[in-house]
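Some notes on the structure that comes next.
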Amino acid sequence: MKLLVTGGAGFIGSNFIRHVLQAHPEDRVVNLDKLTYAGNLQNLADVAQDPRYGFVHGDIGDAKLVRDVARGVDAVVNFAAASHVDRSLIEPEEFLKTDVFGVYTLLEAVRELRIPRLLHISTDEVYGSVPQGSSRETDPLRPANPYSASKAGADLLVGAYWQTYRLPVLITRSSNNFGPCQYPEKVVPLFITNALDDQPLPLYGDGRNVRDWLYVLDNCEAIDLVLRRGAEGQIYNIGGGHEVENIVLTRQILRLTGKPETLIRPVKDRPGHDRRYSLDSSKVRQLGWRPRHRFDGALEATVAWYRQHEPWWRPLKSGEFRTYYQQQYGDR
Ligand code: NAD
Ligand code: DAU
């Protein structure tokens with residue numbers, strides 16, 4: 001297969017490209033990425049010289065460029081997005097541009113060029129907060145922040161292109177990922193790197209919001225399976241099956257880093273903070289997927305990765321990040 005992966009220099013996309021090149025020696029991958037603050041070519045330094053891999057710098061909202069790079073591919077897998085909820089509360093515009101208009105641009109290219117498959121990567125956040133039970137793919141969308149509303153907008157657009165044009169689209173909606181190469185604004189790498197530096201861990205609200213944690217390599221396997229075996233027009237939830245309150249996760253990170261609980265700093269809650277996400281993943285499990293990594297071991301491996309890759313994350317926590325972080329937590 002020849003794949004166009006968009007947003008492949010980010011966290012999940014880079015892990016996915018590595019997975020594809022390892023699992024499918026006959027595949028070729030072109031990575032189209034804008035290299036925003038979250039995109040990092042170091043994430044793919046080990047495959048940069050692989051003749052099966054190529055990189056193009058650009059925006060998924062650039063219709064001409066997208067048509068040029070998409071011509072002749074067997075499938076497009078779209079990871080490109082503005083992805084951090086807290087940033088969407090400060091500057092939502094980029095979220096609408098990339099997460100909605102960018103997806104429209106991809107859909108139009110797939111339609112015009114008659115590309116055989118488009119897999120769009122979405123999120124459990126589109127269902128909104130789930131007080132009880134677990135979200136199924138047919139549940140209504142109730143997004144509660146500009147990020148999840150933009151992602152929901154894209155999901156509806158993808159669904160409309162299936163209904164209207166029978167465009168060969170698929171969607172995955174996964175729960176919270178963690179693992180190597182995650183930008184240190186997200187809670188797991190932020191708390192690990194803050195703990196390693198003996199800095200406070202800013203825990204929002206009462207710390208009892210629940211997220212369902214999924215190791216990124218398990219998500220990559222599920223995405224790959226859906227890409228190759230999923231049915232057109234279908235949506236697949238991908239949940240880790242490990243729901244924990246943030247305070248429990250925080251204590252576990254402190255234990256693994258060998259740091260005291262006095263580093264926990266309760267701060268003002270995130271506005272519109274969804275209380276709980278939970279996915280029913282029986283549909284993707286019927287395709288033959290289940291997470292292969294146990295949560296405890298995967299979190300331990302993630303802490304070890306950040307310990308061993310300080311030169312990767314240290315520069316990311318200065319400059320632009322420092323300004324953002326002060327803006328974010330200064331008044332909390
Ligand atoms: P990330 O922020 O780490 O990476 C996003 C990548 O997209 C970056 O490389 C960035 O440079 C690129 N990008 C941004 N705007 C672009 C544009 N206009 N054109 C081309 N490239 C652009 O994000 P991530 O955590 O890897 O998430 C990847 C996808 O998975 C996103 O669509 C996100 O909504 C979804 N998702 C993430 C999680 C999670 O826990 N991280 C969970 C569920 C779904
Ligand atoms: O659920 C999937 C989503 O997971 C993805 O669609 C998003 O792209 C991804 O960013 C992530 O969103 P969350 O908002 O759940 O992740 P985040 O790491 O920002 O926060 C996880 C939880 O931790 C959430 O309840 C807020 C809390 N938190 C977060 C940060 C950054 C804190 O308590 N303190 C913090 O400093």
Side-chain angles (χ1 to χ4, degrees), residues 5-16 31-41 43-44 56-62 65-66 77-89 94-95 97-99 101-103 105-106 120-127 129 143 145 147-148 150-151 154 172-179 181-191 194 200-214 216 219 223 237-240 244-247 249-250 264-270 272-279 325 328-329 332:
V5 174
T6 49
F11 165 48
I12 308 177
S14 61
N15 278 285
F16 178 75
N31 174 13
L32 170 66
D33 197 296
K34 188 178 174 182
L35 297 182
T36 66
Y37 74 92
N40 188 344
L41 287 179
N43 295 350
L44 289 163
V56 177
H57 185 197
D59 193 320
I60 60 163
D62 179 341
L65 176 66
V66 166
V77 186
N78 177 41
F79 294 88
S83 70
H84 191 41
V85 173
D86 291 320
R87 288 186 191 248
S88 83
L89 308 179
E94 198 50 47
F95 289 75
K97 280 187 184 155
T98 292
D99 301 13
F101 188 79
V103 174
T105 310
L106 293 176
H120 173 64
I121 308 300
S122 185
T123 168
D124 62 358
E125 294 213 11
V126 296
Y127 298 114
S129 202
N145 60 64
Y147 162 70
S148 54
S150 305
K151 295 294 289 187
T172 61
R173 291 182 181 147
S174 86
S175 60
N176 283 64
N177 284 225
F178 67 102
C181 299
Q182 188 169 28
Y183 192 81
E185 65 189 350
K186 307 285 163 63
V187 76
V188 167
L190 177 73
F191 281 13
N194 278 16
L201 277 44
L203 186 64
Y204 297 168
D206 64 1
R208 300 198 57 191
N209 298 64
V210 173
R211 295 293 183 269
D212 172 10
W213 291 98
L214 171 66
V216 66
N219 191 18
I223 292 169
N237 287 342
I238 306 171
V244 288
E245 292 183 347
N246 291 337
I247 180 67
L249 173 74
T250 304
I264 298 173
R265 175 171 298 171
V267 295
K268 208 162 81 187
D269 208 355
R270 171 189 279 175
H273 195 176
D274 285 330
R275 193 66 170 167
R276 173 176 177 260
Y277 301 133
S278 178
L279 288 177
Y325 194 74
Q328 198 47 240
Y329 304 96
R332 282 187 164 172

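All values below were derived from every heavy atom in this structure, side-chain atoms included, with hydrogens, water molecules and symmetry-related copies excluded. Read the numbers this way: they start at 1 and go in the same order the structure lists the ligands and their atoms.
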When you measure from the heavy atoms of [X] to every atom of ligand 1, does any distance fall below 4.0 Å?
{"X": "Phe79", "result": "yes"}
{"X": "Ser174", "result": "yes"}
{"X": "Thr6", "result": "no"}

Mark up the atoms of ligand 1 that fall under 4.0 Å of a heavy atom belonging to [X], in ascending order.
{"X": "Asn176", "result": "40 (O)"}
{"X": "Gly58", "result": "19 (N), 20 (C)"}
{"X": "Ala80", "result": "7 (O), 20 (C), 21 (N), 22 (C)"}
{"X": "Ile12", "result": "26 (O), 27 (O), 30 (O), 37 (C), 38 (C), 39 (C), 41 (N)"}
{"X": "Asp59", "result": "17 (C), 18 (N), 19 (N)"}
{"X": "Ser83", "result": "1 (P), 2 (O), 23 (O)"}
{"X": "Ala9", "result": "9 (O)"}
{"X": "Tyr147", "result": "33 (C), 34 (O)"}

For this session: Kindly assign one of parallel, tilted or perpendicular to the pair Phe95 and Tyr147, based on the angle between their ring planes and the thresholds 30° and 60°.
Result: perpendicular
Using distance alone, determine whether [X] and ligand 2 share an N or O pair under 3.5 Å.
{"X": "Pro202", "result": "yes"}
{"X": "Tyr147", "result": "yes"}
{"X": "Glu185", "result": "no"}
{"X": "Asn246", "result": "yes"}
{"X": "Thr123", "result": "yes"}
{"X": "Asp124", "result": "yes"}

Test item: [X] and [Y] side chains (from C-beta on) under 4.5 Å apart, heavy atoms:
{"X": "Asn194", "Y": "Pro202", "value": "yes"}
{"X": "Arg211", "Y": "Asp274", "value": "yes"}
{"X": "Asn237", "Y": "Asp124", "value": "no"}
{"X": "Tyr204", "Y": "Asp86", "value": "yes"}

Can you check which of [options] brings a heavy atom nearest to [atom]?
{"atom": "atom 3 (O) of ligand 1", "options": "Phe11, Phe178, Tyr37", "value": "Phe11"}
{"atom": "atom 42 (C) of ligand 1", "options": "Gly13, Ser175, Ser14", "value": "Ser175"}
{"atom": "atom 32 (O) of ligand 1", "options": "Arg87, Lys151, Arg211", "value": "Lys151"}
{"atom": "atom 35 (C) of ligand 2", "options": "Phe11, Phe178, Tyr127, Tyr204", "value": "Tyr204"}
{"atom": "atom 19 (O) of ligand 2", "options": "Arg275, Arg270, Lys186", "value": "Arg270"}
{"atom": "atom 25 (O) of ligand 2", "options": "Glu245, His273, Arg173", "value": "His273"}

Exercise. Do Arg275 and Asp206 meet the salt-bridge criterion of a basic N to acidic O distance under 4.0 Å?
Worked result: yes
Exercise. Do the charged groups of Lys151 and Asp99 touch, with an N to O distance under 4.0 Å?
Worked result: no
Problem set entry | Asn43 versus Ala9, closest heavy-atom pair with distance | ND2-O, 2.9 Å
Exercise. Do you know the tightest heavy-atom contact between Leu279 and Ser174?
Worked result: CD1-C, 3.9 Å
Exercise. Purely on distance, is any nitrogen or oxygen of Ile60 under 3.5 Å from one on ligand 1?
Worked result: yes
Exercise. Taking distance alone, with no angle check, do Thr123 and ligand 1 share an N/O pair under 3.5 Å?
Worked result: no
For this session: Decide side chain to side chain donor-acceptor pair (under 3.5 Å) for Thr6 and Asn78; before the verdict, give the C-alpha distance in whole Å, the side-chain angles of both, and the deciding distance to 0.1 Å.
Result: CA-CA 5 Å; Thr6 49; Asn78 177 41; 2.7 Å; yes
Between [X] and ligand 2, which residue portion shows a heavy-atom distance shorter than 4.0 Å: side chain, backbone, both, or neither?
{"X": "Leu203", "result": "both"}
{"X": "Leu190", "result": "side chain"}
{"X": "Val187", "result": "both"}
{"X": "Glu125", "result": "side chain"}

For this session: For salt bridge (Lys or Arg N to Asp or Glu O under 4.0 Å), just list the numbers for Glu185 and Arg87, CA-CA rounded to whole Å, side-chain angles, deciding distance to a tenth of an Å, and then say yes or no.
Result: CA-CA 10 Å; Glu185 65 189 350; Arg87 288 186 191 248; 2.6 Å; yes
Please identify which atoms of ligand 2 are closer than 4.0 Å to at least one heavy atom of [X].
{"X": "Arg211", "answer": "15 (O), 24 (C), 25 (O)"}
{"X": "His84", "answer": "19 (O)"}
{"X": "Ser83", "answer": "7 (C), 8 (O), 9 (C), 10 (O)"}

Problem set entry | Spacing of Ile60 atom CD1 and Leu65 atom CG [to the nearest 0.5 Å] | 11.0 Å
Exercise. Relative to ligand 1, is Asp124 under 4.0 angstrom through side chain, backbone, both or neither, heavy atoms considered?
Worked result: neither
Problem set entry | atom 35 (C) of ligand 1 - nearest protein heavy atom and its distance | Ile121 CG2, 4.0 Å
Exercise. Which residue supplies the protein heavy atom nearest to atom 5 (C) of ligand 1, what is that atom called, and how far is it?
Worked result: Ala81 O, 3.6 Å
